[in-house]
Amino acid sequence: MTHAIRFSEFGGPDVLTLSDVTLPAPQAQEVLVRHTAIGVNYVDTYHRTGLYKVPLPSGIGVEAAGVVERVGSEVHAFKPGDRVAYATGAPGSYAEARLIGAEHLLRLPDKISDETAAAALLKGMTAEYLIRRTFRVEAGQTVLFHAAAGGVGLIACQWLAQLGARVIGTVGSEQKAELARRHGCAETIVYTRENFAERVRALTEGRGVPVVYDSVGKSTFTGSLDCLAPRGLLVSFGNASGKPDPVDLALLGQKGSLYVTRPSLAAYAGTPEERAQSSSALFEAIDKGWIKLEIAQRFPLADAASAHRALESRGTVGSTLLVP
């Protein structure tokens, strides 16, 4: 018997309940992982609300670190006692232990702690594909990153600064602005009191930026387009303020032959090889000191609903963990 957070209807944080779960023996290609740290991510709220549909009843959470307890008969890459982490697969990480397909697991280097892995893996792999593959940022470029004090933002902005980019970050308060500046942002914009598109134009002498990374969604989408230089790319990878409105393709032409993409970790880390390459780049960046993690919130597993309330209120900074 183990404990896990489950929900049987879509809705607010109150639908999350702590349940007793009996785990069967691992199937041939499965692994039983005992969690030591669990990552909380904004995508978890999309599963809970039904924005991203999952079959009900359902577990929740896609990221965790822990120790292998048992392996299926066809699993040869892992053995009991191995330290592992994952950030893909079906929801179900909000649990003391779970079964998961071996193909989703990543072996943890000795220098990466369980908490670091659970706080950084999904957000850091997201940052990796955004800045190295969706749009490969080069030294000397100026980029705009929304929610710069969030989990993905703090990792990405440090990495971008290490690459030699000039990072403009939007934030919701002066406190978050200071945090973002300590983590790689050359300039910050408190979007609650400034027109961020006008400020970006001023900071770039009217040229705009070649790429905008936008996880906020509805409230920033149009303004993000206004920040782009001709042939610039808007990378829309989240919906914190709601789903963006449909895009008028003619508008993209009028604003300078712009591009828009909607990437996902599933598409950029869809194979074990892609996941290994992305996570290796992340772990190397952490080991070299390019990225320093900000684990600012910890909640007991049973208090997952409070973690979601904090996340959705935009009262969090950096990474949030559940402690099983």
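Both Trp290 and Phe145 sit in one connected hydrophobic cluster of ILVMFWY residues. Membership requires side-chain heavy atoms under 4.5 Å apart, directly or through other members. Under the 4.5 Å side-chain contact rule for hydrophobic residues, Leu301 and Val40 share a cluster. Cluster membership for Leu105 and Leu265, using ILVMFWY side-chain heavy atoms within less than 4.5 angstrom, is not shared. Ile60 and Val33 fall into different hydrophobic clusters, where Ile, Leu, Val, Met, Phe, Trp and Tyr side chains are chained together by heavy-atom contacts under 4.5 Å. In the hydrophobic clustering of ILVMFWY residues, with side-chain heavy atoms under 4.5 Å counting as a link, Phe237 and Ile155 come out together.
You'll find the side chain of Arg48 reaches within 4.5 Å of the side chain of Glu312, heavy atoms only. A heavy-atom distance below 4.5 Å is not found between the side chains of Phe283 and Thr116. Using a 4.5 Å heavy-atom cutoff, the side chains of Lys176 and Arg314 are in contact. You'll find the side chain of Pro263 reaches within 4.5 Å of the side chain of Leu130, heavy atoms only. For the pair Leu121 and Leu106, the minimum side-chain heavy-atom distance is below 4.5 Å. Contact of the Leu234 side chain with the Leu258 side chain is not registered, since no non-hydrogen atoms from C-beta on lie closer than 4.5 Å. Looking only at side-chain heavy atoms (C-beta outward), Glu30 and Ile100 stay at 4.5 Å or farther from each other. For the pair Glu284/Ile291, no side-chain contact is recorded, criterion being any heavy-atom separation below 4.5 Å from C-beta on.
Residue pairs meeting the ring pair (Phe, Tyr, Trp, His ring centres under 6.0 Å) criterion with at least one member in residues 159-201, sequence neighbours excluded: His146-Phe196. The ring pair (Phe, Tyr, Trp, His ring centres under 6.0 Å) contacts involving residues 86-141 comprise His35-Tyr86, Tyr94-His308, Tyr129-Tyr268, where partners must be two or more places apart or lie in separate chains.
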Checklist entry - Step by step, would you call Val212 with Val143 a side chain to side chain contact (heavy atoms under 4.5 Å, CB included)? => result CA-CA 6 Å; Val212 174; Val143 307; over 6 Å; no
Checklist entry - Under the side chain to side chain contact (heavy atoms under 4.5 Å, CB included) criterion, do Leu99 and Val31 qualify, and how do the steps go? => result CA-CA 6 Å; Leu99 293 166; Val31 174; over 6 Å; no
Next on the checklist: For Leu56 and Ser8: C-alpha separation, side-chain torsions, deciding distance, then whether side chain to side chain contact (heavy atoms under 4.5 Å, CB included) applies.
Outcome noted: CA-CA 5 Å; Leu56 296 178; Ser8 57; 5.7 Å; no
Checklist entry - Can you list the steps and then say if Leu122 with Val62 is a side chain to side chain contact (heavy atoms under 4.5 Å, CB included)? => result CA-CA 8 Å; Leu122 187 144; Val62 294; 3.4 Å; yes
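Minimum heavy-atom separation, Pro13 to Ala305: O-CB, 3.4 Å. Between Ala186 and Arg166 the shortest heavy-atom distance is CB-CG, 4.0 Å. Considering every non-hydrogen atom in both Phe10 and Thr49, the closest pair reads CB-O, 3.5 Å. Of all heavy-atom pairs spanning Ser19 and Arg6, the tightest one is OG-CG, 3.7 Å. In this structure, Val200 and Thr204 approach most closely via the heavy-atom pair O-OG1, 2.8 Å. Nearest heavy atoms, Glu198 versus Asn195: N-OD1, 3.0 Å.
Looking at Ser93, its side chain does come within 3.5 Å of a backbone N or O of Glu63 through a donor-acceptor pair. Glu178 places no side-chain N or O within donor-acceptor distance of the main-chain N or O of Gln175, the cut-off being under 3.5 Å. For the pair Asn41 (side chain) and Val43 (backbone), a donor-acceptor distance under 3.5 Å is absent. Checking side-chain atoms of Ser279 against main-chain N and O of Ala276 turns up a donor-acceptor pair under 3.5 Å. For Ser241 (side chain) and Val216 (main-chain N/O), a donor-acceptor pair under 3.5 Å exists by modelled atom type. Distance alone, capped at 3.5 Å, places no donor-acceptor pair between the Ser58 side chain and the Val54 backbone. A donor-acceptor contact shorter than 3.5 Å links the side chain of Gln158 to the backbone of Lys292.
Asp214 and Arg262 are not joined by a salt bridge, as no carboxylate oxygen comes within less than 4.0 angstrom of a charged side-chain nitrogen.
A distance of 11.5 Å separates CD1 of Ile38 from CG of Asp114, quoted to the nearest 0.5 Å. Here Leu18 contributes atom CG and His3 contributes atom NE2; the two are 5.5 Å apart, rounded to the nearest 0.5 Å. Between the CD1 atom of Ile5 and the CG atom of Asp44 there is a distance of 11.5 Å, given to the nearest 0.5 Å. For the atom pair CZ (Arg83) and OG1 (Thr36), the distance works out to 7.5 Å, reported to the nearest 0.5 Å. In this structure, Leu311 CG and Ser306 OG are separated by 12.5 Å, a value rounded to the nearest 0.5 Å. Separating the CD atom in Glu187 from the OG1 atom in Thr170 is a distance of 13.5 Å, to the nearest 0.5 Å.
Residues satisfying the side-chain contact (heavy atoms from CB on, under 4.5 Å) test with Glu103, not counting sequence neighbours, are Pro272, Arg275. Looking at residues two or more places apart in sequence or on another chain, you find a side chain to side chain donor-acceptor pair (under 3.5 Å) between Ser278 and Glu128. Ala177 meets the side-chain contact (heavy atoms from CB on, under 4.5 Å) test with Val171, Glu174, Arg181, Thr188, Val190; sequence neighbours excluded. Taking Tyr42 as the reference, Tyr46 meet the ring pair (Phe, Tyr, Trp, His ring centres under 6.0 Å) condition, with sequence neighbours excluded. Among residues two or more places apart in sequence or in another chain, the ring pair (Phe, Tyr, Trp, His ring centres under 6.0 Å) test is passed with Tyr259 by none. Contacts of Arg207 classified as side chain to side chain donor-acceptor pair (under 3.5 Å), with partners at least two apart in sequence or in another chain: Glu205. With sequence neighbours excluded, the residues forming a side chain to side chain donor-acceptor pair (under 3.5 Å) with Glu194 are Arg199, listed by chain and number. Lys255 pairs by the side chain to side chain donor-acceptor pair (under 3.5 Å) definition with Asp226, not counting sequence neighbours.
Between the side chains of Lys218 and Asn239, no donor N or O sits under 3.5 Å from an acceptor N or O.
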Contacts table for residues 67-77: side-chain donor-acceptor under 3.5 angstrom, sequence neighbours left out:
residue: Glu69; atom: OE2; partner: Arg34; partner atom: NE; Å: 3.1
residue: Glu74; atom: OE1; partner: Gln29; partner atom: NE2; Å: 3.1

Atom pairs and distances, donor-acceptor, side-chain atoms in residues 316-324, under 3.5 Å, two or more places apart:
residue: Ser319; atom: OG; partner: Ala119; partner atom: O; Å: 2.9
residue: Thr320; atom: OG1; partner: Gln297; partner atom: NE2; Å: 2.8

